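Along the sequence shown, the residues carry numbers beginning at 1. For ligands, and for the atoms within them, numbers begin at 1 and follow the listed sequence. What's counted below: heavy atoms across the whole structure, side chains too, no hydrogens, waters or symmetry copies. A quick note: this is a predicted structure, and the numbers were derived from the prediction, not measured.
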Amino acid sequence: MSELLSDHTTLRLGGPARRWVRATSEQELIAAVDEADSAGEPVLVLGGGSNLVVADEGFDGTVVEVATEGVVVDSETADRTRTSVCGGVMVTVAAGEVWDDLVARAVVSRWVGVEALSGIPGTVGATPIQNVGAYGQEVSQTVARVRVWDRRLRGVRTFAAGDCGFGYRTSRFKADRYDDAGGRHVVLDVTFQLPVGDTAASVAYVELARALGVELGERPSLAAVREAVLGLRAGKGMVLDPDDHDTWSAGSFFTNPLVDPARVPAGAPSYPQPDGRTKTSAAWLIDHAGFAKGHGNDRVSLSTKHTLALTNRGRATTADLIELAREVRDGVRAAYGIELVNEPVMLGCSL
Ligand code: EPU
């Protein structure tokens, strides 16, 4: 029997795959992708399935499930940090490792710089692709290098942070395409450079500072930041819980639009960017365009905890989800003239 993508995505949507390979070593991962590429078969490289919308028809190609493991801590730098709180560790993590396990380990190991990224679903290998970010941190701030399999050159390459093309929810790994189904680069492992210390990175997000009862720029303990972020995320349905349909989502469904400052509606959040544009809030636009939390039906709806998450109430199809996404996008366009762009990867479907 063929595997269903709906068993491997946090939305619990998506039809069957033609072929399925679970790669538990880097060699298996490269071989599976390269064999399919040589045969001209489409490939879906699947991590945690937390940022993915798959068509009801499924995927007519090979799914390569990344299940590689391993965390290597550079012992030389690790030793040095025992005597100095200023030093840093280099931690190299296999693509298939669970992201939040790494964050939990960082917090107990006194590795600083990813604590605000607590509770984000998915695998480590996926984090550089969309430059995962939340509560004032982005992985681009701590990624030192990314090792990939380049499907075009058919070889392993290492990109230093400066060559990764990181931007808001994007990178060269998202931008460089191999074909419609997949990116050119398959992430093999990610090396993070993390300072060692007892306090977190300075708090850079108002909502987080408020939850912690500190001022922006203060440095609470790593554990306090992790706990506060997990609490905030849970309150928005952004921590996976099989019993809570508000978490059957792909996280934020739309990116926050970057617009000319004059286009930001009165009263909407506004975050000026270095390039002169302003980032406004997709969640606010959705809310104020008339789509309240919970908008939808008994198959698909906006989360009852956050307007930016589209959720499967248990019996949804991908077609239902796309219909709701279009309704929201069109409603925001009609109300504010701003075009919302989907954040998750769409496979075999589009808005
Ligand atoms: N708001 C509403 N209605 C709502 C929710 C929010 O009007 O139902 C307004 C409020 O004014 C709020 C503003 O929207 O102040 C922003 O909301 P929030 O702080 O929750 O942040 P967000 O813009 O919705 C972004 C990221 C999240 C990340 C959080 C916290 C994107 C697309 N989303 O959400 O990332 O966790 O900030 O940093 O960048 C993800 O990318 O999947 C994701 C969850």
Check: of Tyr168, Tyr135, Phe254, min heavy-atom distance to atom 31 (C) of ligand 1 comes from Tyr168
Among non-hydrogen protein atoms, atom 2 (C) of ligand 1 lies closest to Asp287 OD2, 3.3 Å
Nearest non-hydrogen protein atom to atom 17 (O) of ligand 1, with distance, is His306 NE2, 4.0 Å
Applying a strict 4.0 Å limit to heavy atoms, is Lys305 in contact with ligand 1?
no
Of all protein heavy atoms, the one nearest atom 11 (O) of ligand 1 is Pro269 CG, 3.6 Å
So the atoms of ligand 1 within less than 4.0 Å of a heavy atom of Arg233 turn out to be 36 (O)
**Item:** Donor-acceptor contact present, side-chain Tyr336 to main-chain Ile286, <3.5 Å
**Value:** no
for atom 18 (P) of ligand 1, nearest protein heavy atom and its distance come out as Lys236 NZ, 3.6 Å
| message | With a sphere of 6.0 Å drawn around CD of Glu343, does it hold more than 12 non-hydrogen atoms of other residues, nucleotides or ligands? | response | yes
With heavy atoms and a 4.0 Å threshold, my read on which part of Thr307 contacts ligand 1 is both
Do NZ/NE/NH1/NH2 and the carboxylate oxygens of Lys236 and Glu207 come within less than 4.0 Å? yes
Fill in: Aromatic contact, His185 with Phe159 (centres under 6.0 Å)
yes
Are Leu232 and Leu240 connected into the same hydrophobic cluster when the rule is that any two of I, L, V, M, F, W, Y join if their side-chain heavy atoms are below 4.5 Å apart? no
Check: Relative to each other, are the rings of Phe173 and Phe166 parallel, tilted or perpendicular (30° and 60° limits)?
Finding: perpendicular
A student checking ligand 1 against Ser281 at a 4.0 Å heavy-atom cut-off should list atoms 9 (C), 13 (C), 14 (O), 16 (C)
One finds that the ligand 1 atoms under 4.0 Å from a non-hydrogen atom of Arg169 are 26 (C), 27 (C), 31 (C), 33 (N), 35 (O), 39 (O), 41 (O)
Assess the residue pair Leu52 and Leu46 against the criterion (side chain to side chain contact (heavy atoms under 4.5 Å, CB included)); give the C-alpha distance rounded to whole Å, side-chain angles, the decisive distance to 0.1 Å, and a yes or no. CA-CA 9 Å; Leu52 183 63; Leu46 180 72; 3.5 Å; yes
- Between Asp275 and Arg277, is the closest basic N to carboxylate O distance under 4.0 Å? yes
Nearest non-hydrogen protein atom to atom 28 (C) of ligand 1, with distance, is Ala134 CB, 3.8 Å
A student checking ligand 1 against Ser252 at a 4.0 Å heavy-atom cut-off should list atoms 26 (C), 27 (C), 31 (C), 32 (C), 33 (N), 35 (O), 40 (C), 41 (O), 42 (O), 43 (C), 44 (C)
Original post:
Can you check whether a protein heavy atom sits less than 4.0 angstrom from atom 15 (O) of ligand 1?
Top reply: no
In this structure, atom 23 (O) of ligand 1 is nearest to the protein heavy atom Asn256 ND2, 2.9 Å
One finds that the ligand 1 atoms under 4.0 Å from a non-hydrogen atom of Leu308 are 24 (O)
So the atoms of ligand 1 within less than 4.0 Å of a heavy atom of Glu207 turn out to be 19 (O)
Ion pair Asp260/Arg263, N-O distance below 4.0 Å: no
Taking only non-hydrogen atoms of Glu343 and a 4.0 Å limit, the atoms of ligand 1 in range are 41 (O), 42 (O)
of all protein heavy atoms, closest to atom 37 (O) of ligand 1 is Tyr205 OH, 3.4 Å
Please verify the inter-ring angle class for Tyr205 with Tyr135; under 30° counts as parallel, over 60° as perpendicular, anything in between as tilted. perpendicular
Handout entry: Ring centre gap for Tyr178 and Trp149 strictly below 6.0 Å
Key = no
shortest atom 6 (C) of ligand 1-to-protein heavy-atom contact is with Ala283 CB, 3.4 Å
Assign the ring pair Phe291 / His295 to parallel, tilted or perpendicular, where the plane angle (0 to 90°) is split at 30° and 60°. perpendicular
